[in-house]
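Below is one structure, written out as structure tokens; the observations come after it.
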2 protein chains.
Amino acid sequence: MTVKERRAREKEELRAEILDAARELFAKEGYENVSMRKIAEKIDYSPTTIYLYFKDKDELCRSVCDETTAKLVKQFDGIVATVSDPIDQLRRAGQAYVEFGLSHPNHYKVTFMGYGLTGPVDQEKLHSQASMGARCFMHLRTIVEKCVQQRKIRAVDVDTTSQALWATVHGITSLLITYPDFPWVGKERLIEQVIDVMIEGLKA
Amino acid sequence: MTVKERRAREKEELRAEILDAARELFAKEGYENVSMRKIAEKIDYSPTTIYLYFKDKDELCRSVCDETTAKLVKQFDGIVATVSDPIDQLRRAGQAYVEFGLSHPNHYKVTFMGYGLTGPVDQEKLHSQASMGARCFMHLRTIVEKCVQQRKIRAVDVDTTSQALWATVHGITSLLITYPDFPWVGKERLIEQVIDVMIEGLKA
DNA sequence: GAGTATACTTAACGACGTTAAGTTAGATTT
DNA sequence: AAATCTAACTTAACGTCGTTAAGTATACTC
């Protein structure tokens, strides 16, 4: 059995190597500027080798992005664990979300802005694509739920409020990513303002 | 001189024909699923002919999207002209913005979500790309300014507020476009909620 | 040592955006 | 009316892309 194990380990290593190369190129160049050929060249393998490890470019890029987005989920966990007031949790989580997007714009584009989606989304694509975005959303939702339970915010439907909140943080994130050279009043200030106004509106 | 005029008119006609074909394909298939070859085939010309009328695919698609986005600007004008209360103007403009995005998702992706932008944005690209997005924003800004002047909303910096508002409507629009199959609580309801909460927060 | 599975490569397909080098038809000139 | 020029359009090609099919060599099994 040790032979099979070694083989499996070696396969896993190359898979990791591909992921590493893809991650680096991808974070630097973005989805449409990374080709399978470039990734292959970076690790000194033939382009077709990658297909032995990943179904297609989409799956590879999504794996990379999912990995990255998992870090955001972890951050959410940390916030929930260390911050007591749910309103503060909400604020902190929102800030973390936006900062995550600005730190990893190319990952954000794939995960939350549909980059790399060509044709109509088939079922499995939808599943894997939605999963990470959906998981992030669910974290926000949990926090919102707590806020409502503790009567910190107006008790409209939790889902509606959560989705509205997601839309808000997504809006500022994606706008800043899409128009980096727009004369923003100041990114930090704007982010704070958007989140504050939203939370203020939810309290009222 | 009449010869030159006729020629110019004929050129204009073909240009319009290209734009028509591009618009139709583009609205139906989206940026990355429309090729110069397909557009050319649709109008029975060789692919290279298009390059006599448009610098590249980017310029062609942007022309199409600018045309469409101009309609939104006109709608804004109509709202400002017919609605008296600036807060109502704000609400109506926000709704029009979101509905515009949902009605023309592929145009919205190019204009407001950076679709079709490959390399780093050179100066003229930035200019033409930003122009329509920026013009829409300026309309919102004017309305916000009026709200502040009439003390309808809290008098923080007009730019900050306008940008925050843009982020909000963009957020809900782009999320709905990107995740059409997400279990939203109901698009109309959600849109209303997002805009209402934002305006509520601005009043406080 | 023969046979077989595994890991990888070479070669190719069809598509893409785009450019350079024709071609052709019409207008201008002589 | 013939020669020239010019504008509009096409053909052919380049280099790229994602992806598949067929081939090869290595390492393990028996």
Side-chain angles (χ1 to χ4, degrees), chain A residues 1-19 21-22 25-26 29-64 110 115-122 124-125, chain B residues 1-19 21-22 25-26 29-64 110 115-122 124-125:
Chain A
M1 263 305 152
T2 169
V3 172
K4 255 192 184 164
E5 280 169 18
R6 200 195 67 217
R7 293 283 197 105
R9 200 188 53 223
E10 280 171 3
K11 266 212 107 168
E12 207 47 54
E13 280 171 12
L14 180 48
R15 198 189 134 93
E17 210 177 331
I18 293 170
L19 273 173
L25 280 172
F26 182 72
E29 318 271 1
Y31 185 87
E32 44 270 331
N33 297 314
V34 171
S35 69
M36 299 301 259
R37 287 170 162 90
K38 278 185 199 163
I39 297 169
E41 197 184 7
K42 194 176 173 70
I43 56 171
D44 286 314
Y45 279 86
S46 124
T48 53
T49 299
I50 301 176
Y51 289 88
L52 303 173
Y53 295 82
F54 298 92
K55 178 172 154 282
D56 53 19
K57 185 184 175 184
D58 227 67
E59 192 186 290
L60 172 54
C61 284
R62 218 163 292 284
S63 296
V64 169
V110 169
Y115 275 56
L117 269 57
T118 54
V121 239
D122 59 49
E124 58 178 318
K125 254 186 192 170
Chain B
M1 260 306 153
T2 170
V3 172
K4 255 192 185 163
E5 280 169 19
R6 199 195 67 218
R7 294 281 198 107
R9 201 188 53 223
E10 280 171 3
K11 266 212 107 167
E12 207 47 54
E13 279 171 11
L14 180 47
R15 198 189 133 93
E17 210 176 332
I18 293 169
L19 273 172
L25 280 173
F26 181 72
E29 319 271 1
Y31 185 87
E32 44 270 332
N33 297 313
V34 171
S35 69
M36 299 300 260
R37 286 170 160 91
K38 278 185 200 164
I39 298 169
E41 197 185 7
K42 193 175 174 68
I43 57 170
D44 286 315
Y45 280 85
S46 121
T48 51
T49 300
I50 302 175
Y51 289 88
L52 302 172
Y53 294 82
F54 298 92
K55 179 171 153 281
D56 53 21
K57 185 185 176 185
D58 226 67
E59 191 186 291
L60 172 55
C61 284
R62 218 163 292 283
S63 296
V64 168
V110 169
Y115 274 57
L117 270 58
T118 52
V121 239
D122 58 47
E124 56 178 316
K125 255 186 194 169

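All chains are named by letter (A, B, ...) in the order of the sequence lines, taking the proteins before the strands, and each is independently numbered beginning at 1. Quantities reported herein were computed from a predicted structural model and do not represent experimental measurements.
Within a 6.0 Å sphere centred on CD of A/Glu41, other residues, nucleotides and ligands contribute 12 heavy atoms or fewer.
Distances shown here put every side-chain N or O of A/Tyr53 at or beyond 4.0 Å from the OP1 or OP2 atom of C/dA7.
With A/Thr49 as the partner, the side chain to side chain contact (heavy atoms under 4.5 Å, CB included) test is satisfied by one option alone out of A/Leu14, A/Ile39, A/Ile43: A/Leu14.
Across the helix from C/dG1-D/dC30 to C/dT30-D/dA1, the helix axis at one end is tilted relative to the axis at the other end by 30° (nearest 10 degrees, each axis from five pairs).
Under the side chain to side chain donor-acceptor pair (under 3.5 Å) criterion, B/Tyr31 pairs with B/Asp58, not counting sequence neighbours. Partners of A/Lys38 by side chain to side chain donor-acceptor pair (under 3.5 Å), not counting sequence neighbours: none found. Among residues two or more places apart in sequence or in another chain, the ring pair (Phe, Tyr, Trp, His ring centres under 6.0 Å) test is passed with A/Phe54 by none.
One can place CG of B/Leu60 at 12 Å from C1' of C/dG17, the figure rounded to the nearest angstrom. Taking atom CG of residue B/Leu52 and atom P of nucleotide C/dG17, one finds them 16 Å apart after rounding to whole Å. Between B/Ile50 atom CD1 and C/dT19 atom P the separation is 13 Å, expressed in whole Å. Across the protein-nucleic acid pair, A/Ile39 atom CD1 and D/dT19 atom C1' stand 14 Å apart, rounded to whole Å.
Contacts between residues 11-18 of chain B and DNA chain C, defined by a heavy-atom separation below 4.0 Å, involve no residue at all.
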Pair A/Leu60-A/Leu19, side-chain contact (heavy atoms from CB on, under 4.5 Å): steps then yes or no: CA-CA 7 Å; A/Leu60 172 54; A/Leu19 273 173; 4.0 Å; yes
B/Leu117 and B/Arg62: CA distance, side-chain angles, deciding distance, side-chain contact (heavy atoms from CB on, under 4.5 Å) verdict: CA-CA 10 Å; B/Leu117 270 58; B/Arg62 218 163 292 283; 3.1 Å; yes
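Counting all heavy atoms, side chain and backbone alike, B/Lys57 lies closest to B/Val34 at NZ-O, 2.8 Å. In terms of heavy atoms, A/Glu59 sits closest to A/Tyr53 at OE2-O, 4.5 Å. Looking at every heavy atom in both residues, A/Lys11 comes nearest to A/Leu52 through NZ-O, 4.0 Å.
Between B/Phe26 and B/Val110 there is a side-chain heavy-atom pair separated by less than 4.5 Å.
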Measure all distances between protein nitrogen or oxygen atoms and nitrogen or oxygen atoms of nucleotides 11-18 of chain D, and list the pairs falling under 3.5 Å.
from: D/dT11; atom 1: O4; to: B/Thr48; atom 2: OG1; distance (Å): 3.3
from: D/dC17; atom 1: OP1; to: A/Ser35; atom 2: OG; distance (Å): 3.0
from: D/dG18; atom 1: OP1; to: A/Val34; atom 2: O; distance (Å): 3.4
from: D/dG18; atom 1: OP1; to: A/Met36; atom 2: N; distance (Å): 3.3
from: D/dG18; atom 1: OP1; to: A/Lys57; atom 2: NZ; distance (Å): 3.2
from: D/dG18; atom 1: OP2; to: A/Met36; atom 2: N; distance (Å): 2.9
from: D/dG18; atom 1: N7; to: A/Arg37; atom 2: NH1; distance (Å): 2.5
from: D/dG18; atom 1: O6; to: A/Arg37; atom 2: NH2; distance (Å): 3.1

